[in-house]
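Note that these values count all heavy atoms, side chains included, but never hydrogens, waters or copies made by symmetry. Please read all numbers here as calculations on a predicted model, not as lab measurements.
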Amino acid sequence: MHADTSSRADRDAAAHSAREVIELLEVLWSKGRDSTSPAPVSTSQLRVLYILERDQPINLRTLGDVLKSAPSSVSRMCDRLDALGFVERSPSSASRRELELRLSKRGETYLQDLRARREAALLDVISTMPAADRAALAAGLSSFRLATDDAAGRPEKAAGGGTSAESA
């Protein structure tokens, strides 16, 4: 019984710490996103860019299924991303009635710049940590990523690709 209580306390402490880190990362991410482009994208639009990067080409219906969103919402979001020049639409090779969505070169560049800014912000903080703590952080984040992938029923590749630091 004591081991179960200890395990629950460890789990709760880890969830609390993760929430605090996520809140700090949200601040870092917002700074990076705001300074990357004169027209920063919303969190939902950023998720679309990550999905397109990972699964392109993709049609609107499949994108809607992945996002669990209504077709009209997905279409409007893609219209906005298209207007920013971040996505490209082209006729589907499978069906003339469908359009395929792809990340444009500008969209790819946006994600690369965003990731570089985020990584730089992380490196500023992580470089101040002792080496043993950095190693423990890397191991813990790797385990967290695997648990997230398992919980989501996805393969090991995280949304947005790249390393766990990029996806976190």
Donor-acceptor contact present, side-chain [X] to main-chain [Y], <3.5 Å:
X	Y	value
Ser143	Gly140	no
Glu100	Ile58	no
Gln45	Ser42	yes
Ser127	Leu123	yes
Arg106	Leu84	yes

Test: Asp79 and Arg89 ion pair at under 4.0 Å: yes
Closer than 4.0 angstrom, basic N to acidic O: yes or no for Arg115 and Glu108? no
Please determine whether side chain to side chain contact (heavy atoms under 4.5 Å, CB included) holds for the pair Thr109 and Phe86, giving the CA-CA distance in whole Å, both sets of side-chain angles, and the decisive distance to 0.1 Å. CA-CA 9 Å; Thr109 300; Phe86 288 172; over 6 Å; no
So Arg102 and Val87, side chain to side chain contact (heavy atoms under 4.5 Å, CB included) or not? Walk me through it. CA-CA 6 Å; Arg102 287 181 173 75; Val87 299; over 6 Å; no
Just so I know, are the side chains of Arg61 and Asp65 near enough to count as touching, which here means a heavy-atom distance under 4.5 Å? yes
Please answer: with hydrophobic residues joined when any side-chain heavy atoms are less than 4.5 Å apart, are Val74 and Leu99 in the same cluster? no
Same apolar cluster: Phe144 and Val21, side chain cutoff 4.5 Å: no
With rounding to the nearest 0.5 angstrom, report the CG to CG distance, Leu146 to Leu141. 11.0 Å
Which value, rounded to the nearest 0.5 Å, describes the distance between Leu63 atom CG and Arg47 atom CZ? 9.0 Å
Do Arg118 and Leu114 pass the side chain to side chain contact (heavy atoms under 4.5 Å, CB included) test, and can you show the C-alpha distance, the side-chain angles, and the key distance before you say yes or no? CA-CA 6 Å; Arg118 287 178 169 180; Leu114 177 63; 3.7 Å; yes
Taking every non-hydrogen atom, the tightest pair across Leu101 and Cys78: CD1-SG, 3.6 Å
Where is the tightest heavy-atom contact between Leu103 and Gln56, given as atom of each residue plus distance? N-OE1, 2.6 Å
Using a distance-only test with no angle check, is there a side-chain donor-acceptor pair under 3.5 angstrom linking Thr62 and Asn59? yes
Under the salt bridge (Lys or Arg N to Asp or Glu O under 4.0 Å) rule, what do Glu119 and Arg117 come out as? Steps first, then yes or no, please. CA-CA 5 Å; Glu119 191 166 327; Arg117 291 182 191 282; over 6 Å; no
Steps toward side chain to side chain contact (heavy atoms under 4.5 Å, CB included) verdict (Leu111, Tyr50): CA-CA 8 Å; Leu111 288 179; Tyr50 287 143; 3.7 Å; yes
Give a yes or no on whether Arg134 atom CZ has more than 12 heavy-atom contacts from other residues, nucleotides or ligands under 6.0 Å away. yes
